[in-house]
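Take a look at the structure set out below.
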Amino acid sequence: GDSVTQMEGPVTLSEEAFLTINCTYTATGYPSLFWYVQYPGEGLQLLLKATKADDKGSNKGFEATYRKETTSFHLEKGSVQVSDSAVYFCALGGQRGGNKLTFGTGTQLKVEL
Amino acid sequence: NAGVTQTPKFRVLKTGQSMTLLCAQDMNHEYMYWYRQDPGMGLRLIHYSVGEGTTAKGEVPDGYNVSRLKKQNFLLGLESAAPSQTSVYFCASYTGLAGVKIGELFFGEGSRLTVL
């Protein structure tokens with residue numbers, strides 16, 4: 001079945017550092033790929049998405065490119081801020097009945113001054 | 001806008017007790033979902049619904065029942081709670097319109113359940 005593998009956290013960075021969170025996936029067909037973010041005490045929010053190979057999703061300075069050849073969707077940001085501290089989830093799906101998503105285990109990011 | 005609202009936010013149960021979590025959405029969404037979030041396991045789908053009066057099993061449905069009697073509400077029931085059901089439960093909704101914003105789920109703030 002479908003699955004998503006994310007790098008384990010927590011990831012601790014200094015403010016203005018470069019961020020990469022790795023995500024690889026296994027799926028049949030051509031799923032859409034997503035990054036969701038969960039701030040402390042809140043539910044998940046969609047951060048960005050890509051619906052086909054070579055698409056780049058971007059939002060709030062974050063980017064991720066749908067790489068079919070490497071089955072990856074790595075999240076990047078050039079300069080992180082303390083306010084980016086959260087848990088980031090990679091997910092795939094949306095292609096079959098029910099629009100069900102399969103989530104990775106999440107990566108906690110801590111940004112320090 | 002309220003979006004997706006879950007009640008209660010916190011609950012402590014004893015093994016064998018029953019309870020119901022309520023999810024309400026005010027966006028006229030067709031699809032609704034219940035996920036559980038556990039450390040190191042991410043989010044796992046319990047049950048979902050693609051419209052009023054319909055329900056379907058997700059990845060981890062055992063020990064839970066659901067009902068979608070009204071479009072805006074999706075109830076998650078635990079008939080006989082077990083410690084393994086200690087978790088944070090999230091409800092989510094999706095518009096369901098064909099081809100519209102695939103995968104863009106709206107989540108509630110979560111309900112933390114502890115079973116002793």
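Nothing here was measured: the structure is a model prediction, and the numbers come from that model. Note on naming: letters A, B, ... go to the chains in the order of the sequence lines (proteins, then strands), and numbering restarts at 1 for each one.
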For this session: Could you check which of A/Q6, A/Q45, A/E42 has the highest count of heavy-atom pairs closer than 4.5 Å to chain B?
Result: A/E42

For this session: Look at B/M41, B/E109, B/K9, B/E104 and state which one has the largest set of heavy-atom pairs under 4.5 Å with chain A.
Result: B/E104

Exercise. Chain A heavy atoms under 4.5 Å from B/L45: which part of the residue, side chain, backbone, both or neither?
Worked result: side chain

Exercise. Tell me, side chain or backbone of B/Y35 under 4.5 Å from chain A's heavy atoms, or both, or neither?
Worked result: side chain

Exercise. Does the distance from a Lys or Arg side-chain N to an Asp or Glu carboxylate O, for B/E30 and B/K71, drop under 4.0 Å?
Worked result: yes

Seminar exercise, completed: From the list B/T86, B/V88, B/V12, side-chain contact (heavy atoms from CB on, under 4.5 Å) with B/R112 holds only for B/V88

Problem set entry | B/Q37 portion near chain A, given a 4.5 angstrom heavy-atom threshold | side chain

For this session: Give a yes-or-no answer on whether the side chains of B/S111 and B/Q6 include a donor-acceptor pair shorter than 3.5 Å.
Result: yes

Problem set entry | Donor-acceptor pair, side chain of A/D84 and main chain of A/Q81, under 3.5 angstrom | yes

Exercise. Looking only at heavy atoms, what is the nearest atom pair of A/G57 and A/A50, with distance?
Worked result: N-CB, 4.5 Å

